[in-house]
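Below you'll find the structure, written out as structure tokens, and then a few comments.
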Amino acid sequence: MGAGKGDAMILSIFKDCFETLFFKGDYSGCSRFIRLFADKSGHRRLAAFFSRDRCSRINVLTVDKEPGVNMDQTYIRDVSEHVGEEITIKGWLYNQRSSGKLIFPQIRDGSGIIQGVVFKKNVPERVWTDFEGLTQESSIIVRGRVRADERAPGGYELDVSDVEVLQTAEAYPITPKEHGVEFLMDHRHLWLRSRRQHAILTVRAEVIRAVRDYFDSNGFLLMDTPIFTPAACEGTTTLFSVDYFEDTTAYLAQSGQLYNEATAAAFGKVYCFGPTFRAEKSKTRRHLTEFWMVEPEVAYADLDDIMELAEDFITFIVHRVLENRRKELDEMERDISRLEKIEPPFPRLQYDDAVRMLQEGHEKGELESQFEWGGDFGSPDETYLSNRFDRPVMVHRYPAAVKAFYMKPDPERAELALCVDVLAPEGYGEVIGGGQRADDLAYLLKQIHEHGLPEDAFDWYLDLRKYGTFPHGGFGMGIERCMAWLCGIEHIRETIPFPRMLYRLKP
RNA sequence: UGUAGGGUAGCUCAGUUGGGAGAGCUCUUGUCUGUUAAACAAGAUGUCGCGGGUUCGAACCCCGCCCCUACAUCCA
């Protein structure tokens with residue numbers, strides 16, 4: 001049973017049992033802990049309910065009210081529970097249409113948008129003139145009665161009785177019309193308020209929560225790896241450097257993997273999750289200079305184990321988003337049927353076979369460039385491959401020469417690396433890269449020398465091969481690329497609140 | 001870094017033989033008791049990216065620079 005369904009069942013039991021109980025917030029996805037808000041009577045009856053051990057696996061906390069919120073404030077996401085009641089909404093004016101003696105303000109409060117109705121005849125003159133003078137994004141506190149109405153976007157309306165204007169906003173730059181990319185990016189701090197961006201970033205929070213829930217509930221331990229690092233992890237890609245006190249240069253982390261190989265030896269199954277920095281001068285729709293990456297590392301795992309983990313992990317995230325954020329996906333007009341097809345098993349494609357596929361594509365005239373065995377795939381190649389399948393495709397065993405120094409060579413064909421790239425469907429490119437790590441000291445030393453890396457920078461890493469070396473592997477998933485695919489977004493810059501890109505550091 | 005396209009009103013854009021700087025939206029005012037990016041009427045808005053050149057005359061042609069976008073290289 002999915003966690004969300006279980007919660008829905010429990011919530012319905014509560015609603016049947018307790019008249020005095022009221023619910024707020026969003027419980028989706030929390031299978032062990034539910035927080036309820038009840039008055040004193042409800043509190044006592046809840047205690048009795050749980051003493052009968054009907055839901056012993058659920059840890060319930062009861063408090064008198066939602067923390068951090070005034071008792072007199074109602075969030076727009078909760079209005080369906082307040083039909084017929086007089087409520088107070090604290091928020092901003094999203095947009096306003098008027099028609100003579102009628103004004104329809106659209107009010108947003110971060111949790112949703114509700115349409116208000118102001119009849120000139122039914123409100124004091126001050127309220128009417130206050131609304132007449134309101135500009136887009138003015139901050140307001142609105143009082144009114146909730147009513148279900150088919151004509152309203154969202155299905156519920158607020159019959160406004162009173163308004164308090166905190167500030168009449170200056171002319172708001174982002175109008176409900178078309179805007180160009182540059183203008184919107186310059187106003188990213190305001191753009192976040194608009195519907196589509198709100199939906200996208202709500203899904204992002206859901207994806208991140210799913211990532212944490214997945215690893216936390218599958219025996220992984222969170223190990224935060226450092227952001228200041230002494231030298232290149234992989235050598236090839238460019239790093240951001242910062243002054244580290246006198247005479248020392250530190251580099252911003254481009255991966256936590258090498259450190260997680262150490263923590264995996266200490267804790268078995270680990271993951272790190274944090275910002276990652278790459279100073280690559282690439283400006284494409286798939287690149288950020290600062291992005292979030294989650295990297296699991298598993299002791300005694302081989303390449304097949306890692307592929308199975310990646311497949312199960314991606315499926316979990318897709319299911320969670322479909323279950324909890326369907327409204328947001330609809331809001332951004334995502335073709336959900338494409339996501340509903342994401343079920344294991346994912347196709348596993350050997351590099352050799354992928355190359356054959358690309359060459360056939362070229363012969364058929366479906367692919368412009370001629371691909372030669374031995375190279376890494378370019379972006380058009382990845383797109384071509386991923387379009388052959390309706391679910392993520394796992395390409396494994398690339399030539400060792402095009403991959404990082406720490407990859408374990410295939411014992412059956414030493415020229416291949418035991419690695420895997422997961423290509424998202426619909427041309428969204430590589431969302432996961434990983435594989436099995438080289439565990440032989442002599443081989444690693446040879447690789448470090450051949451890649452021209454400083455051996456002394458890796459002395460601690462090489463220690464892991466001296467003191468109980470072990471087979472292990474893992475992968476890294478870029479949150480933003482995964483997001484772009486899940487949400488069907490053209491450009492990765494919309495999947496993070498404040499994107500950092502080549503030539504963009506502000507706002 | 002390379003290739004291609006672009007920079008004109010607050011926003012989105014049109015503007016060719018080189019000669020009067022424009023449209024829609026936003027905004028302001030007015031009409032309308034159910035608007036859905038409301039509609040209708042009237043009004044306001046400019047360093048044509050910056051610098052130089054050609055010309056009687058440059059948004060338009062030439063040179064240099066700046067900025068943006070897409071793609072490629074790189075990668076998640």
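Since the structure is predicted, the reported quantities are computational estimates derived from the model, not experimental observations. By convention in this document, chain letters (A, B, ...) are assigned in the order of the sequence lines, proteins followed by strands, and residues within each chain are numbered from 1.
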Residues two or more places apart in sequence or in another chain: which of them pass side chain to side chain contact (heavy atoms under 4.5 Å, CB included) with A/Asp390? A/Lys341

Across every strand shown, the nucleotide meeting Watson-Crick or G-U wobble geometry with B/C13 (both distances under 3.5 Å) is B/G22

Take atom OH of A/Tyr172 and atom C1' of B/U28, then tell me their distance rounded to the nearest Å. 21 Å

Kindly state which residues belonging to residues 98-106 of chain A come within less than 4.0 angstrom of RNA chain B, counting heavy atoms of the residue only, listed by number. A/Ser98, A/Ser99, A/Gly100, A/Lys101, A/Leu102, A/Phe104

Pairing partner of B/C65 (Watson-Crick or G-U wobble, both distances under 3.5 Å): B/G49

Quick one: list whatever passes side chain to side chain contact (heavy atoms under 4.5 Å, CB included) with A/Asp330, sequence neighbours left out. A/Arg326, A/Ile336

Among the nucleotides B/G34, B/A70, B/A76, whichever has the atom closest to the side chain of A/Gln115 is B/G34

Going 5' to 3' along nucleotides 1-11 of chain B, which nucleotides have protein heavy atoms under 4.0 Å from the base (write B), which only from the sugar-phosphate (write S), and which from neither (write -)? BB--------S

Can A/Gln115 and A/Arg151 be said to form a side-chain hydrogen bond (donor to acceptor under 3.5 Å, both in side chains), step by step? CA-CA 10 Å; A/Gln115 172 164 286; A/Arg151 292 170 292 186; over 6 Å; no

Toward the 5' end of RNA chain B, which comes first, A/Gln96 or A/Val117, by nearest nucleotide? A/Val117

For residues 103-113 of chain A, run the donor-acceptor check on the side chains, cut-off 3.5 Å, and write out each pair with its distance to 0.1 Å, sequence neighbours left out.
{"from": "A/Arg108", "atom 1": "NE", "to": "A/Glu137", "atom 2": "OE2", "distance (Å)": "3.2"}
{"from": "A/Arg108", "atom 1": "NH2", "to": "A/Glu137", "atom 2": "OE1", "distance (Å)": "2.7"}
{"from": "A/Asp109", "atom 1": "OD1", "to": "A/Ser111", "atom 2": "N", "distance (Å)": "2.8"}
{"from": "A/Asp109", "atom 1": "OD1", "to": "A/Ser111", "atom 2": "OG", "distance (Å)": "2.8"}
{"from": "A/Asp109", "atom 1": "OD1", "to": "A/Gly112", "atom 2": "N", "distance (Å)": "3.3"}
{"from": "A/Asp109", "atom 1": "OD2", "to": "A/Ile76", "atom 2": "N", "distance (Å)": "2.9"}
{"from": "A/Asp109", "atom 1": "OD2", "to": "A/Ser111", "atom 2": "OG", "distance (Å)": "3.4"}
{"from": "A/Ser111", "atom 1": "OG", "to": "A/Ile76", "atom 2": "N", "distance (Å)": "3.1"}
{"from": "A/Ser111", "atom 1": "OG", "to": "A/Arg77", "atom 2": "N", "distance (Å)": "3.0"}

Would you indicate, yes or no, if B/C71 has its OP1 or OP2 atom less than 4.0 angstrom from a side-chain nitrogen or oxygen of A/Arg285? yes

Do the charged groups of A/Asp162 and A/Arg126 touch, with an N to O distance under 4.0 Å? yes

List the atom of A/Thr229, the atom of A/Ala253, and the distance in Å for their closest heavy-atom pair. CG2-CB, 4.0 Å

Among all residues two or more places apart in sequence or in another chain, which pass the salt bridge (charged side-chain N to carboxylate O under 4.0 Å, His left out) test with A/Lys269? none

Listing time: all N or O pairs from protein to nucleotides 42-48 of chain B that are below 3.5 Å?
none

Using ring centroids (six-membered ring only for Trp), state whether A/Phe458 and A/Phe405 fall under 6.0 Å. yes

In terms of side-chain geometry, is the basic nitrogen of A/Glu480 or A/Arg204 positioned less than 4.0 Å from the acidic oxygen of its partner? yes

What does A/Asn95 touch in the nucleic acid at a heavy-atom separation under 4.0 angstrom: a base, only the sugar-phosphate, or nothing? sugar-phosphate

May I ask you to decide if the ring planes of A/Phe220 and A/Phe215 are parallel, tilted or perpendicular, using 30° and 60° as cut-offs? perpendicular

Interatomic distance, A/Ile489 CD1 vs B/A76 P [rounded to whole Å]: 21 Å

Atom pair distance, as rounded to whole Å: CG in A/Asn122 and C1' in B/U33: 10 Å

Can you name the side chain to side chain contact (heavy atoms under 4.5 Å, CB included) partners of A/Leu190, sequence neighbours left out? A/Tyr172, A/Pro173, A/Ile174, A/His187, A/Arg193

Just the rounded figure in Å: distance from P of B/A70 to CE of A/Met185. 11 Å

As its Watson-Crick or G-U partner within any shown strand, both distances under 3.5 Å, B/G57 has none

Testing the basics here: between A/Leu486 and A/Leu339, what is the closest heavy-atom pair and its distance to 0.1 Å? O-CD1, 3.5 Å

What does B/G43 pair with, Watson-Crick or G-U, if both distances are under 3.5 Å? B/C27

Which whole number of Å gives the distance between the C1' atom of B/U33 and that of B/A9? 36 Å

Any strand: nucleotide that pairs with B/U33 via Watson-Crick or wobble, under 3.5 Å: none

Length of the CZ-P vector between A/Phe119 and B/G34, whole Å: 8 Å

Whole-Å distance separating the CZ atom of A/Phe273 from the P atom of B/A76: 16 Å

Over all strands shown, is A/Gly378 touching base, sugar-phosphate only, or nothing at heavy-atom distances under 4.0 angstrom? sugar-phosphate

Quick one: label A/Arg504 by what it contacts on the DNA or RNA (base, sugar-phosphate, nothing), any heavy atom closer than 4.0 Å. nothing

Residue pair A/Asp381/A/Phe291 against RNA chain B: nearer the 5' end by closest nucleotide is A/Asp381

Side chain to side chain contact (heavy atoms under 4.5 Å, CB included) against A/Asp381, all qualifying residues, sequence neighbours excluded: A/Leu358, A/Leu367, A/Ser369, A/Phe371, A/Phe377

What is the distance from CG of A/Leu134 to P of B/C27, rounded to the nearest Å? 13 Å

Is there any salt bridge (Lys or Arg N to Asp or Glu O under 4.0 Å) pair reaching into residues 498-507 of chain A, and which pairs are they, with sequence neighbours excluded? A/Asp186-A/Arg504

Not counting sequence neighbours, which residues clear side-chain hydrogen bond (donor to acceptor under 3.5 Å, both in side chains) with A/Gln359? List them please. none

Where the side chain of A/Leu288 is defined as all heavy atoms beyond and including C-beta, which of B/G34, B/A76, B/C71 is the nearest nucleotide? B/A76

Taking NZ, NE, NH1 and NH2 as the nitrogens, is one of them in A/Arg391 or A/Glu311 under 4.0 Å from a carboxylate oxygen of the other? no

What nucleic acid atoms does A/Arg286 come within less than 4.0 Å of, heavy atoms only: base, sugar-phosphate, or nothing? base

Centroid-centroid under 6.0 Å between A/Phe277 and A/Tyr251 rings: no

Quick one: look up who B/U1 pairs with, Watson-Crick or G-U, both distances under 3.5 Å, and put none if it's unpaired. B/A72

Students often get this wrong, so: under 4.0 angstrom with heavy atoms, is A/Lys120 touching a base, only sugar-phosphate, or nothing? nothing

Could you work out the separation of B/A58 and B/G53 based on their P atoms and round it to a whole Å? 12 Å

Interface residues of residues 147-164 of chain A with RNA chain B (non-hydrogen, below 4.0 angstrom): A/Arg147, A/Asp149, A/Arg151, A/Pro153, A/Glu157

Any side-chain N or O of A/His491 below 4.0 angstrom from OP1/OP2 of B/A70? yes

Separation between the P atoms of B/G51 and B/G43, rounded to whole Å: 34 Å

Rounded to the nearest Å, what distance is computed from the CZ atom of residue A/Phe277 to the C1' atom of nucleotide B/A76? 14 Å

Using atom P in both nucleotides, what's the gap between B/A4 and B/G64 to the nearest angstrom? 14 Å

Pairwise P distance for B/C65 and B/G19, with rounding to whole Å: 29 Å

